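In what follows, a structure is listed as structure tokens, so that the remarks can point back to it.
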Amino acid sequence: MPDSTNPIGVFDSGVGGLSVLRAMRALMPSENIVFFGDQAHVPYGPREMSQIRDFSAGITRFLLDEGAKLIVVACNTASAAALTHLRETFPQVKFVGMEPAVKPAAETTRTGVVGVLATPTTFQGALYASVVERFAGEVTLLTNTCDGLVQQIERGDLDGARTREILESALHPMLEKNIDTVVLACTHFPFVIPLIEQIVGRDVRVIDPAPSVAKQAQRLLDAGGGLNLSAGGKVQMFTSGEAAKVESLLPKLLGETGAVSRLEWDGETRLFRP
Ligand code: DGL
């Protein structure tokens, strides 16, 4: 049984998970956290589900070896492709995953038209079909995969011409159909909220699920007596990509500085320190 000072493991295909990490740091500053970004394989969005399952299981093994007491799958795509498989493969482990925020959108929309931005895999997964079936009701959902946006955000380009172009071509047709809510169902996308708000205007609500996911992680830990009550949580950061590049993005994306260490893949299921 892990100790309460053990870290929470958090992972994503890349820097998107930092939007969830940021919310977790704000809510639970005492928690120790181990974060892994799989930059060697980003983007996950266009990949086969079976491959994303293999990566997610490999990352989970690494995080458990680091002592993780809870794992946050801070990636909608990995949650869609792998969460059920992870829960079956590691039945003793507690997982928190991302679920497209269709429920709060459907509860508050006044026009009855909601935009959802996510990767192709997220839209294809059973999880999305299930939230639509359970919560969308009479609400019309307009979807877009914002191709190329994840890569722009990985470059740290949050407001350049190409980034704006991708978002405008996704959102303008939705605005014409009278959306009043946009659901961000990819953890990379909260980093472009300022640009999205410029495009959609103030009357459209933009839903970032990160704060609710952080709360869910806190609730689970609290229920199991696993909350860390000592002060000063530390974050340890790992990437399978270029450590210096991820380090350079931290102040902008996380609002913190820190060292990032590199891990390497051995095949598709095992990570090791080179
Ligand atoms: N951040 C991810 C998500 O939440 C995935 C982006 C990608 O790698 O395609 O879906």
Side-chain angles (χ1 to χ4, degrees), residues 9-24 35-56 58-60 71-86 95-102 115-129 131 143-158 163 166-167 170 182-193 196 206-214 216-217 237-242 245-246 249-250 252-254 265 268:
V10 182
F11 76 91
D12 178 45
S13 62
V15 295
L18 297 177
S19 67
V20 178
L21 179 58
R22 188 173 60 178
M24 292 173 64
F35 179 89
F36 175 75
D38 194 7
Q39 266 86 5
H41 297 131
V42 71
Y44 277 7
R47 290 178 183 274
E48 290 293 322
M49 296 230 183
S50 58
Q51 196 184 34
I52 300 169
R53 278 198 279 276
D54 284 348
F55 296 154
S56 300
I59 297 164
T60 296
I71 293 186
V72 177
V73 184
C75 176
N76 288 81
T77 309
S79 299
L83 197 55
T84 307
H85 175 74
L86 290 175
F95 289 95
V96 175
M98 307 296 302
E99 180 177 278
V102 168
V116 186
L117 308 183
T119 69
T121 301
T122 297
F123 285 130
Q124 282 152 25
L127 191 58
Y128 182 69
V131 292
T143 62
N144 194 288
T145 52
C146 296
D147 297 350
L149 186 57
V150 166
Q151 292 91 320
Q152 291 298 107
I153 293 166
E154 284 293 320
R155 285 185 202 111
D157 184 342
L158 308 184
T163 305
I166 295 169
L167 282 168
V182 177
V183 172
L184 303 183
C186 168
T187 55
H188 280 73
F189 298 169
F191 294 119
V192 289
I193 287 177
I196 293 175
V206 180
I207 302 184
D208 170 8
S212 338
V213 171
Q216 172 64 5
M237 307 270 309
F238 295 92
T239 175
S240 55
E242 251 180 83
K245 193 174 147 197
V246 179
L249 291 172
L250 291 181
K252 192 174 184 173
L253 301 183
L254 187 61
W265 283 101
E268 294 196 338

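All values reported here derive from a predicted model rather than from experimental measurement. Residues: numbered from 1 along the sequence shown. Order of listing sets the numbers, starting from 1, for every ligand and every atom in it.
Close placement of the Phe123 and Tyr128 rings is indicated, their centers lying within 6.0 Å of each other.
Just one residue in the list Thr77, Asp12, Thr119, Asp38 forms a side chain to side chain donor-acceptor pair (under 3.5 Å) with Tyr44, and that residue is Asp38.
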Mind listing the side-chain donor-acceptor pairs of residues 48-55 below 3.5 Å, one per line with the distance, residues two or more places apart or on another chain?
residue, atom, partner, partner atom, Å
Gln51, OE1, Arg47, NH1, 3.0
Gln51, NE2, Glu268, OE2, 2.9
Arg53, NH1, Ala81, O, 3.0

Between side-chain atoms of residues 144-151 and protein atoms elsewhere (two or more places apart, or another chain), which donor-acceptor pairs fall under 3.5 Å?
residue, atom, partner, partner atom, Å
Asn144, OD1, Cys146, N, 2.7
Thr145, OG1, Asp147, OD1, 2.7

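Within the 4.5 Å cutoff, no side-chain heavy atoms of Leu127 are placed close to those of Asn76.
Contact shell of ligand 1 (protein heavy atoms, cutoff 4.0 Å): Asp12, Ser13, Val42, Pro43, Tyr44, Gly45, Cys75, Asn76, Thr77, Thr119, Val150, Cys186, Thr187, His188.
In this structure Phe95 satisfies the ring-ring contact (aromatic ring centres under 6.0 Å, His included) test with no other residue, sequence neighbours excluded.
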